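As structure tokens, the structure follows; a few thoughts come after it.
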2 protein chains.
Amino acid sequence: MNKKPSLSLGFLEGLIGFRLRLAQIALFDDFERAMRPFDITPTRFGALSLIDANPGLSQMQLAKAIRLDRSTLVALLDHLEKRSLVQRRPSATDKRTNELRLTPEGRLLLGKLKRRVQEHEKRMFGKLPADERAQLARLLEAVSAMKTKQVIEI
Amino acid sequence: MNKKPSLSLGFLEGLIGFRLRLAQIALFDDFERAMRPFDITPTRFGALSLIDANPGLSQMQLAKAIRLDRSTLVALLDHLEKRSLVQRRPSATDKRTNELRLTPEGRLLLGKLKRRVQEHEKRMFGKLPADERAQLARLLEAVSAMKTKQVIEI
DNA sequence: TATTGTTATACTCTATAACTATA
DNA sequence: TATAGTTATAGAGTATAACAATA
């Protein structure tokens, strides 16, 4: 009946990168489920949050901040603008750029989303004691800060 | 000259999920760079490692272990088989299934890859003291273990 | 000359549905 | 009836290259 000798992880067992990957999958899964009714992905949520925190920023600034190519950002903003969540306003000072702002609807929705995301974080990390959560955040930051030092040749 | 007041992270600032996302991006970046000469992605590396550690496993078993649909796995295995790294062998006991094994070339390559991955892990986590690395691994496992308890309705 | 936003295009990764052969 | 592997297909999400407007 039960054919589950459960596979050995082998070399993967000891890799922190592998553990991080699994955690990321679990996290994304729960995030996606929480946001499904709003059709909001982590990237879209990131864009909304950054526009909210930095009203008037340009598309290039936003693209860099969320690690997207500027061409990729166009479609994302088209989507958010079509939903009347975000507004592109041509800048007066540099006519090449657009200033990005949330609409009132955008702010309203983001408020709801933030509460959802807080619940999501609580589900995923709430079981950990506060000091371990802080430790985890600190360690993850340290990892992000690590830039590739050496370029490797075959 | 320098137009970098650097954006505010706003709400994202306090999110562990966001930190994890950034760490994942940095990690993937370095992994990709290290593996580029071999055309090996994290998923392919995972598949090779699991086949190595569980010779004779079926495609379904592998698919579940690396969180892919069985249809998605087909192309991945086609690729690895075309490169003579993996072999599909029809099972004698259940003729619907294939037994997966590394070829000698596959084993040879995996050996090289493992060394690369160890270097990669050292680059990304080597600066952390050993006890913090262990703590990080432990916390990430705890996060993965967290299953979504409640299903959320709008 | 360089940068910004845009478009056209293509590539990668993934899943769903339907087929076949076995169980 | 159900499962394993396959195929056809489509949908996200991403990047590269070229273009017009502006700096």
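So you know, we letter chains A, B, ... as the sequences are listed, proteins then strands, and number each from 1. Every value quoted in this text rests on a predicted model; they were computed, and no experiment measured them.
Atom pair A:Met60:CE and C:dA2:P shows a separation of 15 Å (rounding to whole Å applied). In this structure, A:Arg70 atom CZ and D:dT14 atom P are separated by 17 Å, rounded to whole Å. For the pair A:Glu81 CD and C:dG5 P, the computed distance is 13 Å after rounding to whole Å. The CD-P distance, from B:Gln61 to D:dT3, rounds to 15 Å in whole Å. Atom CZ in B:Arg89 sits about 20 Å away from atom P in D:dA4, given to the nearest Å. Rounded to whole angstrom, the span from the CZ atom of A:Phe28 across to the P atom of C:dT14 amounts to 12 Å. Going from atom CG of A:Leu73 over to atom P of D:dT14 covers 10 Å, rounded to whole Å. Atom NE2 of B:His79 is separated from atom P of C:dT12 by 11 Å (rounded to the nearest Å).
For a distance-only test at 3.5 Å, the side chain of B:Ser58 fails to qualify as a donor-acceptor partner of the base of D:dA4. Put simply, the side chain of B:Arg96 and the base of D:dG5 share no donor and acceptor less than 3.5 Å apart. Side-chain atoms of A:Ser71 and base atoms of D:dT16 include a donor and an acceptor less than 3.5 Å apart.
For C:dT6, the OP1/OP2 oxygens have a side-chain nitrogen or oxygen of A:Gln59 closer than 4.0 Å.
Using a 4.0 Å cut-off between charged side-chain N and carboxylate O, B:Arg101 and B:Glu99 make a salt bridge. The pair A:Asp29-A:Arg33 meets the salt-bridge criterion, with a side-chain N (NZ, NE, NH1 or NH2) lying under 4.0 Å from an Asp/Glu carboxylate O.
Proximity note for B:Thr97 (side chain, C-beta onward) versus D:dT22, C:dG5, D:dG5: the nearest is D:dG5. Comparing C:dT6, C:dC13, D:dT7 against the side chain of B:Thr41 picks out C:dC13 as the nearest.
If A:Arg44 and B:Arg88 are placed on DNA chain D by their nearest nucleotide, the residue sitting closer to the 5' end is B:Arg88.
Counting non-hydrogen atoms under 4.0 angstrom, A:Thr72 reaches a base of the nucleic acid. If you check every strand for non-hydrogen atoms under 4.0 Å, B:Leu68 touches sugar and phosphate atoms only.
A:Ser91 and A:Thr93 share a side-chain donor-acceptor pair at under 3.5 Å. Using modelled atom types and a 3.5 Å distance limit, the side chains of B:Arg21 and A:Thr43 yield a donor-acceptor pair.
Atom NZ of B:Lys64 sits in a sparse spot, with 12 or fewer heavy atoms from other residues, nucleotides or ligands closer than 6.0 Å.
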